[in-house]
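Right, one structure below, let's go through it.
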Amino acid sequence: MVIPYARQSISKQDLNAVAEVLQSDYLTQGPVVPAFEEAVARLVAAKFAVAGNSATSMLHIACLALGVTTGDLVWTSPISFVASANCALYCGAEIDFVDIDSETFNISPVALAAKLELAKKSNRLPKVIIPVHMGGQSCDMQAIGSLAQQYGIKVIEDASHAIGGSYNSQRIGNCAHSDITIFSFHPVKIITSGEGGMAITQDESLAHKMRMLRSHGITRDATEFEFANDGPWYYEQQELGFNYRLTDVAAALGLSQLQRIDSFIHQRNSIASRYSEAFASTLVVTPHIASKSISAFHLYIARCDFEKLSVTRVQLFQRMKDMGVLLNLHYIPIYRQPYFAKMGFDPKAFPNAERYYEQAFSIPMYADLTETDQNTVISSLLNALSTQ
Ligand SMILES: *Cc1c(COP(=O)(O)O)cnc(C)c1O
């Protein structure tokens with residue numbers, strides 16, 4: 001049996017919750033989506049939550065709600081999934097990247113401050129920045145938030161890895177230093193709804209815009225109509241929106257999974273501690289743990305200086321696979337993707353992201369990873385790194 005890098009954890013309760021919706025009147029646009037939204041809002045102490053069919057969709061309409069359009073500039077981390085950058089391109093904006101911190105793998109506030117100062121001089125400040133909580137560990141949101149305020153920039157937290165985690169002893173998602181936070185419910189993430197995402201905000205008008213945009217730009221609220229209300233059938237499309245809705249079937253799975261969020265985070269942190277203990281004083285560099293934060297530990301990102309080893313990373317991946325352990329790499333710097341490279345990015349502008357890409361790999365991490373399987377991962381990795 002192969003040990004994957006990530007997988008979902010599905011309980012009997014999850015199965016029952018989904019079955020119940022399948023036997024109910026509404027498979028979509030029923031009561032479970034709002035119940036899921038309210039539960040997530042309560043968890044993170046936010047006023048508004050807007051569910052959708054993926055984090056990618058929600059990133060898109062979060063950008064639109066903040067007014068991102070043609071000619072605007074959006075900045076994000078180069079070490080992220082491509083969706084963190086694509087959302088800006090969907091709006092006709094241009095994308096640029098801010099180098100990461102070499103310890104946290106998150107956007108470096110120092111690099112951000114320097115880049116903002118230059119951008120201001122050349123009158124090319126971004127409209128929005130999208131910090132990504134890499135692996136589940138929060139960015140330095142206090143520093144990022146205060147820079148954003150200083151320069152009049154909006155902030156979307158891409159917290160696709162981070163639901164259930166905390167920053168400064170508060171849940172990630174309370175938008176204390178941002179306008180909108182986005183969660184993903186893809187099966188590899190902390191909790192899943194199959195596919196799904198959610199946008200969190202404390203701002204009622206942003207929540208309202210995102211609710212409209214996720215469903216064709218349509219409103220049925222008579223108090224909002226621009227034209228005369230023709231009758232009980234009447235609704236208005238006021239914006240160009242999309243069908244980005246989450247189904248009630250998916251929301252039932254998400255809501256059921258949410259009941260176990262704290263145990264998921266606990267299990268992931270226990271697994272991370274065991275890894276870090278096992279790799280202390282070995283060739284494996286373990287991830288940095290920030291104080292006053294709890295990582296959701298979506299990923300356990302190890303690093304090795306392969307230049308000093310007799311094994312290449314390609315060989316490491318192959319040897320691990322031969323031993324039944326699948327590694328992964330999160331992520332190829334976005335500017336290295338052909339689609340982005342054509343925009344003319346120079347990898348030399350992002351030295352920390354480049355070094356990260358030479359050294360990093362993700363090892364298996366999921367709530368149901370057994371101690372036996374974890375021991376297999378540890379011994380296989382040490383073995384694969386030491387043999388010639
Ligand atoms: C998974 C992920 C996304 C996209 O999430 P989907 O729900 O699959 O659309 C966006 N950003 C990051 C950082 C992710 O890891």
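On a predicted model such as this, the values are computed, not experimentally measured, just so you know.
The closest donor-acceptor contact from the side chain of S386 to the backbone of N383 lies under 3.5 Å. Here the side chain of D140 pairs a donor or acceptor atom with the backbone of A143 at under 3.5 angstrom. Not one N or O on the side chain of S84 forms a donor-acceptor pair closer than 3.5 Å with the backbone of S80. Looking only at distances, a side-chain donor or acceptor of Q237 sits under 3.5 Å from a matching main-chain atom of E239.
Shown here are the salt bridge (charged side-chain N to carboxylate O under 4.0 Å, His left out) partners of E371, two or more places apart in sequence or in another chain: R274. Among residues two or more places apart in sequence or in another chain, the side chain to side chain donor-acceptor pair (under 3.5 Å) test is passed with K127 by D72. Looking at residues two or more places apart in sequence or on another chain, you find a ring-ring contact (aromatic ring centres under 6.0 Å, His included) between Y5 and H330. By the side chain to side chain donor-acceptor pair (under 3.5 Å) test, S54 pairs with S57, sequence neighbours left out. Under the side chain to side chain donor-acceptor pair (under 3.5 Å) criterion, E117 pairs with no residue at all, not counting sequence neighbours. Under the rule for a ring-ring contact (aromatic ring centres under 6.0 Å, His included), the partners of H60 that lie at least two apart in sequence or sit in another chain are Y90, F242, Y244.
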Problem - Audit row: Y275, Y300, ring-ring contact (aromatic ring centres under 6.0 Å, His included) steps and yes/no - result: CA-CA 9 Å; Y275 273 144; Y300 188 93; 4.9 Å; yes

Exercise for the section: Give the intermediate values and the outcome of side chain to side chain contact (heavy atoms under 4.5 Å, CB included) for residues V284 and L385. Expected result: CA-CA 9 Å; V284 181; L385 285 171; 3.5 Å; yes

Exercise for the section: Given side chain to side chain contact (heavy atoms under 4.5 Å, CB included), test M343 with I95 step by step and report yes or no. Expected result: CA-CA 9 Å; M343 297 172 193; I95 193 78; 4.2 Å; yes

Exercise for the section: Please report the C-alpha distance between N328 and S362 in whole Å, then the side-chain angles of each, then the deciding distance to 0.1 Å, and finally whether the side-chain hydrogen bond (donor to acceptor under 3.5 Å, both in side chains) criterion is met. Expected result: CA-CA 5 Å; N328 213 308; S362 309; 6.0 Å; no

Handout entry: Worked check of side chain to side chain contact (heavy atoms under 4.5 Å, CB included) between T376 and M323
Key = CA-CA 9 Å; T376 304; M323 290 185 273; over 6 Å; no

Practice task
Apply side chain to side chain contact (heavy atoms under 4.5 Å, CB included) to V132 and N106, showing your working.
Solution key: CA-CA 7 Å; V132 181; N106 285 327; 5.5 Å; no

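Hydrophobic cluster membership of I218, counting Ile, Leu, Val, Met, Phe, Trp and Tyr whose side-chain heavy atoms lie under 4.5 Å apart directly or via other members: Y235. Counting side-chain heavy-atom gaps under 4.5 Å among Ile, Leu, Val, Met, Phe, Trp and Tyr, Y26 is found in no cluster with other residues. Think of V2 as one node in a network of Ile, Leu, Val, Met, Phe, Trp and Tyr side chains linked at under 4.5 Å; its network also takes in L326.
Comment: R124 does not engage D96 in a salt bridge, judged by the lack of any side-chain N to carboxylate O separation of less than 4.0 angstrom. Of the charged side-chain nitrogens involved, none lies within less than 4.0 Å of a carboxylate oxygen, so that R319 and D322 do not count as a salt-bridged pair. In this structure, K209 does not pair ionically with D179, as no charged nitrogen and carboxylate oxygen lie closer than 4.0 Å.
Around atom CD1 of I294, no more than 12 heavy atoms belonging to other residues, nucleotides or ligands sit under 6.0 Å away. Counted within 6.0 Å of CG on L22, heavy atoms from surrounding residues, nucleotides or ligands total more than 12; the atom is thus considered enclosed. Taking a 6.0 Å sphere around CD of Q259, one finds it holds more than 12 heavy atoms contributed by other residues, nucleotides or ligands. Other residues, nucleotides and ligands contribute more than 12 heavy atoms inside 6.0 Å of the NE2 atom of H288.
Interatomic distance, CD1 of I129 versus CG of L112, reported as 5.0 Å (0.5 Å rounding). To the nearest 0.5 Å, the span separating CD on Q13 from CG on L253 amounts to 10.5 Å. Here the straight-line distance linking atom CG of L59 with atom CD1 of I182 works out to 5.0 Å at 0.5 Å rounding. Separating the NE2 atom in H298 from the CD1 atom in I265 is a distance of 11.5 Å, to the nearest 0.5 Å. Expressed to the nearest 0.5 Å, how far OG of S11 lies from CG of N16 amounts to 8.0 Å. Note that the SG atom of C139 and the CD1 atom of I144 stand 4.5 Å from one another [nearest 0.5 Å].
For the residue pair D99 / S108, no side-chain donor-acceptor distance below 3.5 Å is found, with atom types taken as modelled. Between the side chains of T28 and D248, no donor-acceptor pair is found at a separation under 3.5 Å. A donor-acceptor contact closer than 3.5 angstrom links the side chains of N168 and Q142. For the 3.5 Å distance criterion, the side chains of T201 and D203 fail to qualify, holding no donor opposite an acceptor. T181 and E157 share a side-chain donor-acceptor pair at under 3.5 Å. Under the 3.5 Å distance criterion, with hydrogens and angles disregarded, a donor-acceptor pair is assigned to the side chains of D368 and S9. For the residue pair R171/S166, the side-chain donor-acceptor check at 3.5 Å is not satisfied.
Looking only at side-chain heavy atoms (C-beta outward), I79 and F350 stay at 4.5 Å or farther from each other. Side-chain contact between L66 and I180 is present, with at least one heavy-atom pair separated by less than 4.5 Å. Between S77 and V98 the shortest side-chain heavy-atom distance does not fall below 4.5 Å. Looking only at side-chain heavy atoms (C-beta outward), T282 and L382 come within less than 4.5 Å of each other.
Each of F345, Y331, W75 was checked for a ring pair (Phe, Tyr, Trp, His ring centres under 6.0 Å) with F97, and the lone residue meeting it is F345.
Under the 4.5 Å side-chain heavy-atom criterion for grouping Ile, Leu, Val, Met, Phe, Trp and Tyr, V74 is not connected to V155 through any hydrophobic cluster. A continuous path of ILVMFWY side-chain contacts below 4.5 Å connects Y357 to I363, so both sit in one hydrophobic cluster. Under the 4.5 Å side-chain heavy-atom criterion for Ile, Leu, Val, Met, Phe, Trp and Tyr, M320 and F279 are members of the same hydrophobic cluster. Under the 4.5 Å side-chain heavy-atom criterion for Ile, Leu, Val, Met, Phe, Trp and Tyr, Y151 and M141 are members of the same hydrophobic cluster.
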Would you tabulate the side-chain donor-acceptor contacts of residues 220-227 under 3.5 Å, counting partners in other chains and residues two or more places apart, or write 'none'?
unit_1: D221; atom_1: OD1; unit_2: T223; atom_2: N; d: 3.0
unit_1: D221; atom_1: OD1; unit_2: T223; atom_2: OG1; d: 2.7
unit_1: D221; atom_1: OD2; unit_2: T223; atom_2: OG1; d: 3.3
unit_1: E224; atom_1: OE1; unit_2: H208; atom_2: NE2; d: 3.2
unit_1: E224; atom_1: OE1; unit_2: T219; atom_2: OG1; d: 2.6
unit_1: E224; atom_1: OE2; unit_2: H208; atom_2: NE2; d: 2.7

Using a 3.5 Å cut-off and no angle test, enumerate the donor-acceptor pairs between side-chain atoms of residues 37-47 and protein atoms at least two apart in sequence or in another chain.
unit_1: E37; atom_1: OE2; unit_2: A51; atom_2: N; d: 2.7
unit_1: E37; atom_1: OE2; unit_2: R214; atom_2: NH1; d: 2.8

Scan the side chains in residues 186-194 for donor-acceptor partners under 3.5 Å anywhere in the protein, sequence neighbours excluded, and list what turns up.
unit_1: H186; atom_1: ND1; unit_2: V188; atom_2: N; d: 3.2
unit_1: K189; atom_1: NZ; unit_2: S184; atom_2: OG; d: 3.4
unit_1: T192; atom_1: OG1; unit_2: F185; atom_2: O; d: 2.7
unit_1: T192; atom_1: OG1; unit_2: G194; atom_2: N; d: 2.9
unit_1: S193; atom_1: OG; unit_2: E195; atom_2: O; d: 2.9

